[in-house]
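The structure appears right after this line, and notes come after that.
Fair warning: this is a prediction, and the values are worked out from it, not measured in the lab. In listed order, ligands and their atoms are each counted from 1.
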Amino acid sequence: MENIADIIKKIELILDEASRLLNGSKDLNELDFQFKIFAGKKGKITEILHNIHSFAPEEKKIIGSKSNEIKNKIEEIYLSKKNKLISIERSRPLSENKIDLTIPGASFESPHKHPITAVLEETVNFFMSMGFEVVEGPEIETTYYNFDALNIPANHPARDIWDTFYLLNGLVPRTHTSSVQVRTMEKKSPPFRVIAPGRCYRYESVDATHLFMFNQIEGLFVDKTVRLSDLKGILEATVKYILGAKKTRFRPAFYPFVEPGLDLDIECVFCGGKGCNICKSTGWIEVIPCGMVHPQVFKYVGIDPEKYRGFAFGMGFDRVVMLKYNINDLRLLYQGNIDILSQF
Ligand code: DAH
């Protein structure tokens, strides 16, 4: 049978053991674990108190106060060790995990716009800065808007220039964005300046410079005093801004919906005007077909050609992107090839 001295001795031994194990803990987890073993609700000290029924009340008092004293000491050891471990842990990243600035960082690929979208947005913003507004029209068009109202009647040989697919219901995938000119003039009364970006379709055999689907930006400026010099100024500024063109020239050209009709050429960006196979040895590349709106077109939409004048243009937009980035095959822009697209 244990006497009180044995119990006191046992309690003191618990303190020795606890002190050794708490102080020897390597981290906070181990420390907490050891603390519970000695001073927790089901710890060694509580266990002793549970087994002292046979002692006299005064003896129980002595044992109780001794165990309290030891418990407090264990707690003190626990807290001071805890503080030590926390400060070691805090200083660890600085002393042990020094940042090595020479290690290459994890690469992060940021998404970016397709070159057609990027240049399109840049161009649209440029025109908006000159007071143009963006309008849209349907990609599936009636032959009236695509041809007739643009002064290209059914029997006119010029329809051959815009050879296209005809749908069974007589509609056509629009061959150019010029149809949006007509739709806009029907709705808006002058003066106005609009651009109409969008997809067009033609019957083409596909090669490096032709696709059956392509992008155009149509432009139309109607007011009482619009002149050819306005067209020249605005379009020259455009190719300078978007393509960095240094030299430009206007040539006469035929388009049934304008009179006079012109083509704006820029000096070949590939050979610097010397002549190469891309510019077919001419030193020039055609970028913007344009002209003054034909009076007949105004009559179709009910605008009085005696009162109003206008200029129009339709730039093949994929072409602009090719010139801007020195791309020699149009198909590369539509293949979704990451190796190609990631270069932009
Ligand atoms: N629509 C013509 C085409 O696709 C291009 C064009 C020429 C548009 C002259 C115009 C213009 O607005 O004035 O071939």
Practice task
Check each atom of ligand 1 against the heavy atoms of W162 and keep those under 4.0 Å away; list them by number with element.
Solution key: 3 (C), 4 (O), 14 (O)
Problem - Structural part of H294 in contact with ligand 1, heavy atom criterion under 4.0 angstrom - result: neither
Problem - Given F311, F313, Y308, F192, the one that forms ring-ring contact (aromatic ring centres under 6.0 Å, His included) with F221 - result: F311
Completion exercise
Closest to atom 7 (C) of ligand 1 among protein heavy atoms sits P289 CB, 3.4 Å
Completion exercise
Note: ligand 1 atoms sitting under 4.0 Å from heavy atoms of G314 are 8 (C), 10 (C), 12 (O)
Problem - Those atoms of ligand 1 less than 4.0 Å from some heavy atom in Q181 - result: 12 (O)
Handout entry: Same cluster (ILVMFWY, side-chain, under 4.5 Å), F126 and V321
Key = yes
Practice task
Consider ligand 1: state whether an atom of it lies below 4.0 angstrom from any non-hydrogen atom of M315.
Solution key: no
Handout entry: Element-labelled atoms of ligand 1 that are located less than 4.0 Å from some non-hydrogen atom of G291
Key = 13 (O)
Practice task
Could you tell me whether ligand 1 has any atom less than 4.0 Å away from a heavy atom of G261?
Solution key: no
Practice task
Kindly state whether the ring of F344 and the ring of Y325 have centres lying under 6.0 angstrom apart.
Solution key: yes
Handout entry: Aromatic centroids of H176 and F214 separated by under 6.0 Å
Key = no
Practice task
Enumerate the atoms of ligand 1 whose separation from the nearest heavy atom of E218 is less than 4.0 angstrom.
Solution key: 8 (C), 10 (C), 12 (O)
Fill in the blank from the handout: Nearest heavy atom to atom 9 (C) of ligand 1, choosing from F257, F313, F311, belongs to F257
Exercise for the section: Determine the sole option in K82, E89, K84 for which the side-chain contact (heavy atoms from CB on, under 4.5 Å) test with I86 is passed. Expected result: K82
Practice task
Pick one of side chain, backbone, both or neither for how A312 approaches ligand 1, counting any non-hydrogen atom pair under 4.0 Å.
Solution key: both
Practice task
Answer whether the closest heavy-atom distance between the side chains of V194 and F132 falls below 4.5 Å.
Solution key: no
Problem - S25 (side chain) donor-acceptor with D27 (main chain) under 3.5 angstrom - result: no
Problem - Parallel, tilted or perpendicular: rings of H156 and F254 (30°, 60°) - result: parallel
Practice task
Please determine if Y255 has a nitrogen or oxygen closer than 3.5 Å to a nitrogen or oxygen of ligand 1.
Solution key: no
Practice task
Any atoms of ligand 1 less than 4.0 Å from a non-hydrogen atom of C290? List them with their elements.
Solution key: 9 (C), 11 (C), 13 (O)
Handout entry: Stacked cation flag R183 on Y145, 6.0 angstrom / 45 deg
Key = yes
